[in-house]
Amino acid sequence: MRTRLCGSLRVEDVGAAVTLCGWVAKRRDHGEHLAFVDLRDHTGIVQCVVPGTVDVRSEYVIAVEGVVRPRPDGTANAELPTGEVEVGECVVTVLNPAEPPPFAVADRVEVDEVVRLKHRFVDLRRPSMQANLRLRATVNRALRAAMDRQGFVEVETPLLWAPTPEGAREFTVPSRLSPGACYVLPQSPQLAKQLLMVAGVDRYFQIARCLRDEDLRADRQFEFSQLDLEASFAGQEDVLEFVSEAVLDAAEAVTGVRPTDIPRMTWAEALDRYGTDKPDLRFGMELIDLTAVFEGTGVKAFGAASVKAIVLQDGAGLSRSRLDGITDRAKQLGAKGLAWFRVTADPGTGGDDPALALDSPLDRFLSDQERAGLLSATGASAGDLVLVVADEYRLACTVLGQLRVELGGRPVGEGPYRYVWVVDFPMFDGFDEAGNPVPAHHPFTMPHPEDLDRLESDPASVRSQAYDLVLNGWELGSGSVRIHRADIQSRVFSVLGIGEEEAQARFGFLLGAFRFGAPPHAGFAVGLDRLVAIFAGEDNIREVIAFPKTQSGADPMTGAPKPLAPGVLAGLGLQLIPSKG
RNA sequence: GGACCUGUGGUGCAGUUUGGAGUGCACGCCGGCCUGUCAAGCCGGAGGUCGCGGGUUCAAAUCCCGUCAGGUCCGCCA
């Protein structure tokens, strides 16, 4: 039907008779003797010249027969890769007329996202969306090739799984053959891939769909994709190597440059320096500890376990209302309050190196020693803004870590790419209502061997063999060495407050399988949507998903979710409870 | 469950603070003109439940209450 693609034509093709197919991007009609039609396909746009009139409109699907020729002197278009040439003497065949699109198919046009999603098939014609889809395919291809090369075998795992409450809310699928019973859609293939290790698959991977019925965010959809992997007779070092290889291959496939090896940082260091377990290493602005400076202080607000600060360079000019807004944000993040200090040059001292002074409601409560200590510890200069949070250590860190990202010099758009492995996560993350520790990763995570003897006596201090991959402040994925021995597993369950009976009820099939020869194994999962979004320079994963949902979980195109047709529920043995109100 | 922001012809916006006739801009659409344009140009035209409901008022896009939708975030996401 076609002999060439629109975006491929160059000066070398001059003289070639071509047939092109695509959509009308633009028609410029110059009367009965001349018309230009910009023809678009997935490869780009080329100008077609019709020696007469042509009855086409935007987004008509047409075929064009013509001859490639150089453009007349002075009419080349530097904006188009095909701009040196045009297709002349064109004969246009309308393959399918089209109604005017609800919005213009062009990257520069901003359109409400609901309108875009409702007409996603039009939205995806836009060059940037085409590029995102193809970028995603490139990443998938590179990841698959890397896993294949490293001896991993791709295995598909079930979408209809058994309810195994693990943390995230699951989507439920009622069974027709067993009325009243349900499958659930897997929040990840975690248990299936561990069973594949018991099954002797040795090295498994899958580009897996995962489904979680939790509230949506810019970086979270109900359904998302992971490069999921698991390896037998492998530990943390092996897994980090496998994943690095795959991710760096993908980066190279996309950018043409292979990043250097990925540095590592312990979880404790990430929290202390960046206030998060997913540090964005593209800029500094690290957290500064002022606890020693305010030891025994008379400033009531700083009488806390930990006092930490960040310096916003040239931030002293921020308005009072802006500072109030930042304070509100700190409170929203859980802080009791936020102290700010504008650093100014002391007008009383002159010369090349004037003394520094602080402008803050709290300044008059500071001792001279505290004032000097704050300035020297932060290294702030005139014109800077110092933000201080005094609280429990972890909260002070996380609040400032979040403000660092929101206020700091975080680069936008593509590159540079700063990867980091965050290792030595804590085994547990706080305590639940019953006083039991909550697993930071999942209950099959192997404790750090050096900390194993404190599992029962001091669980909060126990590190795990869990690790995250972070890129530019996004959590790209996480993994762990799994427990493969029954004795350690039962100790962990016991610490978690999961009794033998409950463990059997929830994970019995896995524990049962482990009795038949489970190899030591470890694994990981890389969030594909996030990886592709970062490579695409998008700050929202919806931009790299063909048909995403809105934040309330709706699809404006299909109308999902929708009530079921009458009779369908009954056929499943289900009945609706009238909603209140 | 909660906070904040947004909602005005097909698209993007201004108008809302300080109530006074659906007033305006750009793009698109329809018709006409035009032989080198490329965000073509010129002339003319059509197109509106100001998200929805209620209230205040002589009068509401504008003020108040509620509600719906979207976005960002908190909670949630082992």
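Letters A, B, ... mirror the listed sequences (proteins, then strands); counts begin at 1.
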> Salt bridge check: are A:Asp468 and A:Lys278 linked by an N-O gap of less than 4.0 Å?
Replying inline: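 Looking at A:Asp468 and A:Lys278, the cut-off is not met.
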
Output a table of nitrogen or oxygen pairs between the protein and nucleotides 13-15 of chain B separated by less than 3.5 Å.
none

Quick one: is [N] close enough that its OP1 or OP2 comes under 4.0 Å of any side-chain N or O from [X]?
X	N	value
A:Gln551	B:U72	yes
A:Arg217	B:G75	no
A:Lys26	B:A40	yes
A:Asn540	B:U72	yes
A:Thr75	B:U37	no
A:Arg28	B:A40	yes

Taking atom types as modelled, is there a side-chain donor on [X] or [Y] under 3.5 Å from an acceptor on the other?
X	Y	answer
A:Thr75	A:Arg71	no
A:Thr157	A:Gln206	yes
A:Gln221	A:Asp529	no

Base, sugar-phosphate, or nothing: which does [X] touch, judged by heavy atoms less than 4.0 Å apart?
X	result
A:Ala35	nothing
A:Arg542	sugar-phosphate
A:Pro439	sugar-phosphate
A:Arg57	sugar-phosphate
A:Ala168	sugar-phosphate
A:Gln190	base
A:Asp328	nothing
A:Glu86	base
A:Pro443	base
A:Ser552	sugar-phosphate
A:Asp213	nothing

>> Between the base of B:C77 and the side chain of A:Arg212, is there a donor and acceptor pair under 3.5 angstrom?
In response: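 Check fails, no donor-acceptor contact within cut-off.
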
> Can a donor-acceptor pair under 3.5 Å be found between the side-chain atoms of A:Arg329 and the base atoms of B:C74?
Replying inline: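 A donor-acceptor contact between them is absent.
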
If I pick the [atom1] atom on [M] and the same atom on [N], what distance separates them, to the nearest angstrom?
N	M	atom1	answer
B:C5	B:C77	C1'	24 Å
B:C65	B:U56	P	15 Å
B:G75	B:A61	P	41 Å

Please report, rounded to the nearest Å, how far the [atom2] atom of [N] is from the [atom1] atom of [X].
X	N	atom1	atom2	value
A:Glu113	B:G7	CD	C1'	15 Å
A:Asp38	B:C38	CG	C1'	6 Å
A:Arg27	B:G28	CZ	P	12 Å
A:Asp107	B:U11	CG	P	19 Å
A:Glu32	B:G32	CD	C1'	13 Å
A:Gln332	B:C5	CD	P	12 Å
A:Glu59	B:C29	CD	C1'	14 Å
A:His33	B:U37	NE2	C1'	16 Å

>> Here's a test of your reading of the structure: between A:Glu214 and A:Asp112, which maps to the more 5' nucleotide of RNA chain B?
In response: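 Mapping each residue to its closest nucleotide by heavy atoms, the 5'-most match is A:Asp112.
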
>> Pick the closest RNA chain B nucleotide for A:Val438 and for A:Arg69 by heavy atoms, then say which residue is nearer the 5' end.
In response: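 Its nearest nucleotide being more 5', the pick is A:Arg69.
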
> Given A:Leu531, which of A:Leu471, A:Leu227, A:Leu469, A:Val544 fulfils the side-chain contact (heavy atoms from CB on, under 4.5 Å) condition?
Replying inline: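 Only one of A:Leu471, A:Leu227, A:Leu469, A:Val544 forms a side-chain contact (heavy atoms from CB on, under 4.5 Å) with A:Leu531, namely A:Leu471.
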
> Any idea how A:Phe222 and A:Phe171 line up, ring-wise: parallel (<30°), tilted (30 to 60°), or perpendicular (>60°)?
Replying inline: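 Answer is perpendicular, since the angle exceeds 60°.
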
>> Using side-chain heavy atoms (C-beta onward) and a distance below 4.5 Å, is A:His484 in contact with A:Met197?
In response: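 No, too far: nothing below the 4.5 Å cut-off.
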
> Given A:Arg482, which of A:Gln194, A:Gln489, A:His442 fulfils the side chain to side chain donor-acceptor pair (under 3.5 Å) condition?
Replying inline: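 With A:Arg482 as partner, side chain to side chain donor-acceptor pair (under 3.5 Å) holds for just one option, A:His442.
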
> Near A:Glu110 CD, under 6.0 Å, is it more than 12 heavy atoms from other residues, nucleotides or ligands?
Replying inline: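 It does not: A:Glu110 CD has 12 such atoms or fewer within range.
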
>> salt bridge (Lys or Arg N to Asp or Glu O under 4.0 Å) for A:Arg69 and A:Glu86? Distances and angles first, verdict last.
In response: CA-CA 6 Å; A:Arg69 66 192 189 194; A:Glu86 61 189 15; 2.9 Å; yes

